[in-house]
2 protein chains.
Amino acid sequence: MKPRGGHISDSCRPISEILSRIGDKWTSLIITRLTEGPLRFNELKRQVHGISQKVLTATLRGLERDGFIERRVEPTVPPAVEYSLTPFGRELAEPLMALTRFALVNSQRMEAARQAYDERNGTPFTEASKPRRPMRLGMN
Amino acid sequence: MKPRGGHISDSCRPISEILSRIGDKWTSLIITRLTEGPLRFNELKRQVHGISQKVLTATLRGLERDGFIERRVEPTVPPAVEYSLTPFGRELAEPLMALTRFALVNSQRMEAARQAYDERNGTPFTEASKPRRPMRLGMN
DNA sequence: CTGAATCCTTAGGGATACTG
DNA sequence: CAGTATCCCTAAGGATTCAG
């Protein structure tokens, strides 16, 4: 922080940025898979259950752009593309895996907290939450 | 597949879940502020620059529900509400802060990687990215 | 096999106004 | 002060189709 005030938003930007990056529902799972070794596109797609090809592609592009993964194209036919973590990506993986571990270890604790909360107060939030549930669930 | 395979999706659910929770652009910033002590609603709103009051409320509710923060109402008039991390929240804060630190330390490295990438390939992604930018930017 | 392009739906978030 | 309640819009993500 500086003289006075602290310019919090300055230091916040990169935080929000990277947290959005890894918080996007798929990135962490992809990184996790890749920590165990390089994978080809469809291997990755199979291991990350439920991700669509479009989103996988987009996510991989983003990670490549940020320098976390490397994309190697084997010029065969049909082409074989291999994705792997860069050293930078492995650095990211470390704190990320720590968080991931936390999630795994404490998932039931969170669930319990939620149920307790929902018991004290009305279940979901607004209380006026309709019996909704039409929602298209993504099978692919 | 069956016996073999490891049930990846089972272990993935809590990961995606918590990562979405903390990856939602504001949560990490809120937790970060709260690691330094309890704060009242508007103090928090002021410290987390740019967050709207609606989103702050919703985020705090979610964190309370998951057991990460506690909400204490001082029955004065006007009411004073204080938010603080629970022990569970402090546990979460640890790996979260590690990631946060990573983001801070490496933000320029990411930026550099991005510029390098954009130089090799066309700037943003689709190449056909319109000169867009009308987008309402949120001032509050 | 590895994507790119399109279309469509939904959830997240922002602005604003109002209340105990 | 600390929220609720609306309205609205965009970006993320899914389904599907096409191609090198």
Side-chain angles (χ1 to χ4, degrees), chain A residues 16-17 19-30 38-46 48-62 64 71-83 121-122 124-130 132-140, chain B residues 16-17 19-27 29-30 38-46 48-62 64 69 71-83 121-122 124-130 132-140:
Chain A
S16 295
E17 212 171 288
L19 266 299
S20 320
R21 148 106 292 145
I22 65 114
D24 75 344
K25 183 182 186 184
W26 296 116
T27 293
S28 63
L29 301 178
I30 292 173
L39 287 172
R40 296 189 39 190
F41 188 85
N42 276 335
E43 291 175 331
L44 211 35
K45 183 166 186 322
R46 272 187 296 275
V48 181
H49 304 291
I51 193 171
S52 70
Q53 164 271 336
K54 171 189 158 185
V55 172
L56 178 53
T57 302
T59 307
L60 289 171
R61 284 289 180 286
E64 187 192 359
R71 177 175 181 270
R72 276 197 46 235
V73 182
E74 207 62 49
T76 60
V77 36
V81 181
E82 192 184 77
Y83 292 93
N121 323 323
F125 293 167
T126 43
E127 174 69 67
S129 56
K130 311 68 161 293
R132 53 188 325 176
R133 192 65 24 170
M135 179 191 176
R136 300 186 52 162
L137 33 121
M139 305 297 285
N140 74 332
Chain B
S16 294
E17 213 172 286
L19 267 300
S20 321
R21 146 106 295 144
I22 66 113
D24 75 343
K25 182 181 186 183
W26 296 116
T27 293
L29 302 177
I30 292 174
L39 288 172
R40 297 186 39 187
F41 187 85
N42 276 334
E43 291 175 331
L44 211 35
K45 182 165 186 326
R46 272 187 296 275
V48 181
H49 303 291
I51 194 170
S52 70
Q53 146 270 33
K54 169 189 159 186
V55 172
L56 178 54
T57 302
T59 307
L60 289 171
R61 285 290 181 284
E64 187 192 1
I69 68 174
R71 176 174 182 272
R72 275 198 45 235
V73 183
E74 207 63 50
T76 59
V77 38
V81 181
E82 191 184 76
Y83 292 93
N121 323 323
F125 293 169
T126 44
E127 175 67 65
S129 56
K130 312 69 158 295
R132 51 173 341 165
R133 197 61 24 169
M135 176 191 176
R136 300 186 52 161
L137 33 121
M139 304 299 284
N140 74 332

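Hydrogens, waters and symmetry mates play no part in the numbers below; they use all other heavy atoms, side chains included. So you know, we letter chains A, B, ... as the sequences are listed, proteins then strands, and number each from 1.
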Selection from C:dG3, D:dC1, C:dG13 that lies nearest to any side-chain heavy atom of A:Val81:
C:dG3
Check B:Tyr83 against B:Arg71 and note the closest heavy-atom contact, atom names and distance.
OH-NE, 3.2 Å
Quick one: A:Asp24 CG to D:dT10 C1', roughly how many Å, whole number?
17 Å
Nearest-nucleotide pick for B:Lys54, side chain only, options being C:dG13, C:dG3, C:dC1
C:dG13
Does A:Arg72 make a side-chain N or O approach to OP1 or OP2 of C:dT2 shorter than 4.0 Å?
no
Residue met sooner reading DNA chain D from 5', once A:Pro78 and A:Gly23 are mapped to nucleotides
A:Gly23
With respect to the phosphate group of D:dC1, does any side-chain polar atom (N or O) of B:Arg40 fall under 4.0 Å of OP1 or OP2?
no
Taken to the nearest whole Å, CD/A:Glu64 to C1'/C:dG3 is 13 Å
Of all the choices, C:dC1, D:dA2, C:dG3, which nucleotide is nearest to the side chain of B:Asn42 once you look at every atom?
D:dA2
Does D:dC1 have OP1 or OP2 sitting under 4.0 Å from an N or O in the side chain of B:Tyr83?
no
Could you please name the option among D:dG3, C:dG14, C:dT2 that lies closest to any side-chain atom of B:Gln53?
D:dG3
Tell me the interatomic distance from A:Glu43, atom CD, to C:dT2, atom P, rounded to whole angstroms.
8 Å
Just how far, in rounded Å, is P of C:dG3 from CD1 of A:Ile51?
13 Å
May I have the distance from B:Leu60 (atom CG) to C:dG12 (atom C1'), rounded to whole angstrom?
16 Å
Nearest 0.5 Å, please: how far is OG1 in B:Thr57 from CD1 in B:Ile51?
8.5 Å
What's the closest nucleotide to the side chain of B:Val55 if the choices are D:dG13, C:dG14, D:dT4?
C:dG14
Nearest whole angstrom, please: distance from the P of D:dA5 to the CZ of B:Arg61.
11 Å
May I ask you to verify if any side-chain N or O of B:Arg71 is less than 4.0 angstrom from the OP1 or OP2 atom of D:dA2?
no
Per A:Lys25 side chain, nearest of listed nucleotides D:dG13, C:dT2, D:dG3
D:dG13
Is it true that a side-chain atom of A:Arg21 and a backbone atom of A:Thr27 form a donor plus acceptor pair closer than 3.5 Å?
no
Separation between CG of B:Leu44 and CD1 of B:Ile30, rounded to the nearest 0.5 Å:
5.5 Å
When the distance from CD1 of B:Ile30 to C1' of C:dG12 is rounded to whole Å, what number comes out?
14 Å
